[in-house]
Number of protein chains: 4
Amino acid sequence: MDHTMRVIARICYSHSDKPMKTAVAPRKSPRQARSQATCEAILDATARILVERGYAATNTNLVAERAGVSVGSLYQYFPNKDALIAALHDRHARQMNEVVEREIMRCEGLAFEAALQAIISGLVEAHRMEAGLHRVLETQLAGLDTLDEHAAVEARISSQLRTLLSRYTDEIRVPNLDLAIYVLMHSLHALVHAVVYERPSGVTLEEATAEMVRLTSLYLRTPAT
Amino acid sequence: MDHTMRVIARICYSHSDKPMKTAVAPRKSPRQARSQATCEAILDATARILVERGYAATNTNLVAERAGVSVGSLYQYFPNKDALIAALHDRHARQMNEVVEREIMRCEGLAFEAALQAIISGLVEAHRMEAGLHRVLETQLAGLDTLDEHAAVEARISSQLRTLLSRYTDEIRVPNLDLAIYVLMHSLHALVHAVVYERPSGVTLEEATAEMVRLTSLYLRTPAT
Amino acid sequence: MDHTMRVIARICYSHSDKPMKTAVAPRKSPRQARSQATCEAILDATARILVERGYAATNTNLVAERAGVSVGSLYQYFPNKDALIAALHDRHARQMNEVVEREIMRCEGLAFEAALQAIISGLVEAHRMEAGLHRVLETQLAGLDTLDEHAAVEARISSQLRTLLSRYTDEIRVPNLDLAIYVLMHSLHALVHAVVYERPSGVTLEEATAEMVRLTSLYLRTPAT
Amino acid sequence: MDHTMRVIARICYSHSDKPMKTAVAPRKSPRQARSQATCEAILDATARILVERGYAATNTNLVAERAGVSVGSLYQYFPNKDALIAALHDRHARQMNEVVEREIMRCEGLAFEAALQAIISGLVEAHRMEAGLHRVLETQLAGLDTLDEHAAVEARISSQLRTLLSRYTDEIRVPNLDLAIYVLMHSLHALVHAVVYERPSGVTLEEATAEMVRLTSLYLRTPAT
DNA sequence: AATGAATGAGTTTTCATTCAT
DNA sequence: TATGAATGAAAACTCATTCAT
């Protein structure tokens, strides 16, 4: 997989396993209702605490307490603290993926500018869902061991985006498409974050989105001199 | 201070106190030479360990040992662990600031494109200086309590950049300069990081820098339609 | 019961209850076939894990899983972990007892030396049966609460051995028979273990057994000077 | 090293490092008085608890408390629980070694029987020093990782004993000396333990020792028929 | 009876910080 | 001032045991 492409995934900071598992399954067991709920409760509590207090101050005892279960139970579902965080990563990534994919689907047939508008709005929406959590996951957990997991999802997203852009080859005039995608992924990722997490008071969400579209459109359409 | 502006500082991820104090002064005593050296040695050790082992594995006892002083001494210079990290933040920010400011100085009289090239190269160079440290500081220590300190330096940098751009008002055609600066700061910050810390194999530093210049130039020069 | 005699039992390191109960009975219910099998399965699993991983790493959940039953079931058969271990002790002791007793039976009518040879070979065989388990039970579980249980079985074995030796009073010249039995029990116990569990490379099982017979015979036959 | 020989060491169940280190040194530090005392206090507490409650119930918090230090201190001297136990092993082995070696020294020039008497008494004395501790160390801690450490000391002791016996080649008539040493080591080890730790009421220490001498002497002096 | 999810006290270990020397 | 041994609160993780289904 091309590194240039891989980086596209960063836009959603998605982590998850190859065929998009439906959930981080507890050790074994077939059709538990209680279990699934407990598992979710633990992840919810983890997310809440992570947002409130940051990674360093997030400890498994507290998570269990907030989730309304015992530490023992927590460790029945997640073999250790890192696995807990990783599972949260996964769940969050899956949720964002769904939003983004749905948005890309809906772009079918739109004009270039409109498609850009749609996808960028989609990204903004996806980030607004669980803004705080996304922030913490990204800033404080960069170096866990996510690098491997990343690769797989990145492949999905990057190919989707490349597909999206390939619908509009007539309008795109960049000298080097791979390089352009690499540049855009990083720019947009940062901008979406900025817009969602620390938009200055004088700027509306719409203005900011429009400006991102302008930047992207300009960059892709203008031929090199 | 305008939030839009403030954000410019993010480019260098600079942290430091209002009037750029020369150093985080040890508790009292004014004129010791030993102290200054000890203080630096401690910060150096902190930086080294932070890079080698990450924040979680960085502890004060280890820092003291590596710095060749006793823990007791460490606590004579820095009241607690957070202050130690903050001081390292400061020192690093100051160093980057110097590089950036020097670069901006040297742009005087250059043509627009050349000036952009110079400043972007300067940013890249600044980030290459202590890449590993910068990375750790940014990814693992985002949410300490830096937010306040940020503000001050940000003011300096953002005003400098605004000054820089104001030399070229003839060439700049953006509808909203504040918004444009906001957008550029975030884009460039992300791109500089990407280029320095995870450039894909097929892309040279020069290509990437040139592409950033192209993006910036395009964005600033093209009037809205 | 004489302590001197009691100690004879150590030869087989046997533990079990007074009148040789047939099994540690599950809490209630008399005539289930399933139960008996389950009970055995649990003991088998316990033995296997004990040998593979040692006492410290042997836990009831794992035992249940390996036995193919639920923890709940395990606790239906054994009120707690110690009871489980004790039951295994018992079963193992009973099995070794059977081997030893059978061997003693078969000695009837043999000449002294031949009888010694037979009984010592019998002990070696008994220890070879479940060598690993025997080892763990002896080394890692010495001080549970076995001391009491010991007494009873010891009585049986020691009296049997005394009976055996009493067939050959003509040949035995020891000044103090009780003391001699005490000495032999400990010597032979240690030697059988050594021979079975850590025989040096240059020594065959036959040689070692012959040497034990020589030692025993010498010791019992030579009158004090 | 010959396995037959190696086994001689079992008599004292000695563990320790190659050149008989003077003490399990704390992490570094040169001339601490407080430290050495603390270290000893911790080992003493460990020994006491080990004897009172067995290995399973010995935990580091309790050890620290009984030693009158904090858990932190304990971990400053011993990196983990196993190291603590190992250090106790070492200290104990060293102490026993000293007793045994001293005794062997004193045998110089004695007649065979008298020498046997002396060395066996020495072993008994060595075991009486810290009987309870020796018992626990041997029975409950067989499988830690002592096997390696054993080898070294074993070499010392076994060679000493072989030297001792070699003084009396005229009197020794065994067909295979290595085998005989192997047999004697195990027998005596077990007997010394028995005599020290569970001597039956009717037997005095002197009687038992005399009987061990008789056994040994008989065994070594009688030629094979 | 059987099940296995849930419990939580208990264990090991870490590390920021203090303070006697 | 410098030192570094000592501290102990806090965190990660285990496992014997219970109990609702």
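In what follows, every chain begins at residue 1, and chains take the letters A, B, ... in the order their sequences are listed. Note that the structure is predicted; figures quoted are calculated from it, not measured.
- The NE2 atom of H92(D) lies 5.5 Å from the CG atom of L137(D); values are rounded to the nearest 0.5 Å.
- Put simply, CD on Q76(A) is 12 Å from P on dG4(E), counting in whole angstrom units.
- Evaluation of the side chain to side chain contact (heavy atoms under 4.5 Å, CB included) rule for V51(C) yields L133(C) as partners, not counting sequence neighbours.
- Partners of N59(D) by side chain to side chain donor-acceptor pair (under 3.5 Å), not counting sequence neighbours: none found.
- Taking the side chain as every heavy atom from C-beta outward, L74(B) and T38(B) never approach each other to under 4.5 Å.
- Nucleotide dT11(E) holds its P atom 9 Å from the CG atom of L62(D), rounded to whole Å.
- Rounded to whole Å, the distance from CD on Q36(B) to C1' on dT1(F) is 17 Å.
- In this view, E65(A) satisfies the salt bridge (Lys or Arg N to Asp or Glu O under 4.0 Å) rule with no residue, not counting sequence neighbours.
- A donor atom on one side chain and an acceptor atom on the other are found under 3.5 Å apart for S70(C) and S73(C).
- Residues meeting the side chain to side chain donor-acceptor pair (under 3.5 Å) test with T58(B), sequence neighbours left out: none.
- For E130(B), the side chain to side chain donor-acceptor pair (under 3.5 Å) test picks out no residue, with sequence neighbours left out.
- Taking atom CG of D82(C) as the reference point, atom C1' of dC15(F) lies 14 Å away to the nearest angstrom.
- In this structure, R53(C) places its CZ atom 13 Å from C1' of dC15(F), rounding to the nearest Å.
- In this structure, L74(B) places its CG atom 15 Å from C1' of dT1(F), rounding to the nearest Å.
- When distances run from any side-chain atom of T38(D) to the nucleotides dA6(E), dA6(F), dT3(E), the shortest one goes to dA6(F).
- In this structure, the CG atom of L84(B) is 12 Å from the C1' atom of dA16(E), given to the nearest Å.
- Legend: residues meeting side chain to side chain donor-acceptor pair (under 3.5 Å) with T60(C), ordered by chain and number and at least two apart, are absent.
- In terms of phosphate contacts, S70(B) brings no side-chain nitrogen or oxygen within less than 4.0 Å of OP1 or OP2 of dG4(F).
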Are any protein N/O atoms closer than 3.5 Å to N/O atoms in nucleotides 10-12 of chain F? If there are, list each pair with its distance.
{"residue": "dA12(F)", "atom": "OP1", "partner": "K81(A)", "partner atom": "NZ", "Å": "2.9"}
{"residue": "dA12(F)", "atom": "OP2", "partner": "T60(A)", "partner atom": "N", "Å": "3.0"}
{"residue": "dA12(F)", "atom": "OP2", "partner": "T60(A)", "partner atom": "OG1", "Å": "3.2"}

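- In this structure, E65(D) places its CD atom 16 Å from C1' of dA6(F), rounding to the nearest Å.
- Consecutive pairing runs in DNA chain F reach the stem threshold at E:2-21 with F:2-21, where a stem means at least three Watson-Crick or G-U wobble pairs with distances under 3.5 Å.
- Comparing dT3(E), dA5(E), dG4(F) by their closest approach to the side chain of S73(C) singles out dT3(E).
- Using a 4.5 Å cut-off on side-chain heavy atoms (C-beta onward), Y77(B) and V69(B) make no contact.
- With sequence neighbours left out, R66(C) forms a salt bridge (Lys or Arg N to Asp or Glu O under 4.0 Å) with E52(C).
- Between F78(B) and L88(B), the closest side-chain pair of non-hydrogen atoms is not below 4.5 Å.
- Residues from residues 41-49 of chain C with heavy atoms under 4.0 angstrom of DNA chain F: there are none.
- Positionally, the nearest nucleotide of DNA chain F for G68(D) lies more toward the 5' end than for the other of G68(D) and G72(C).
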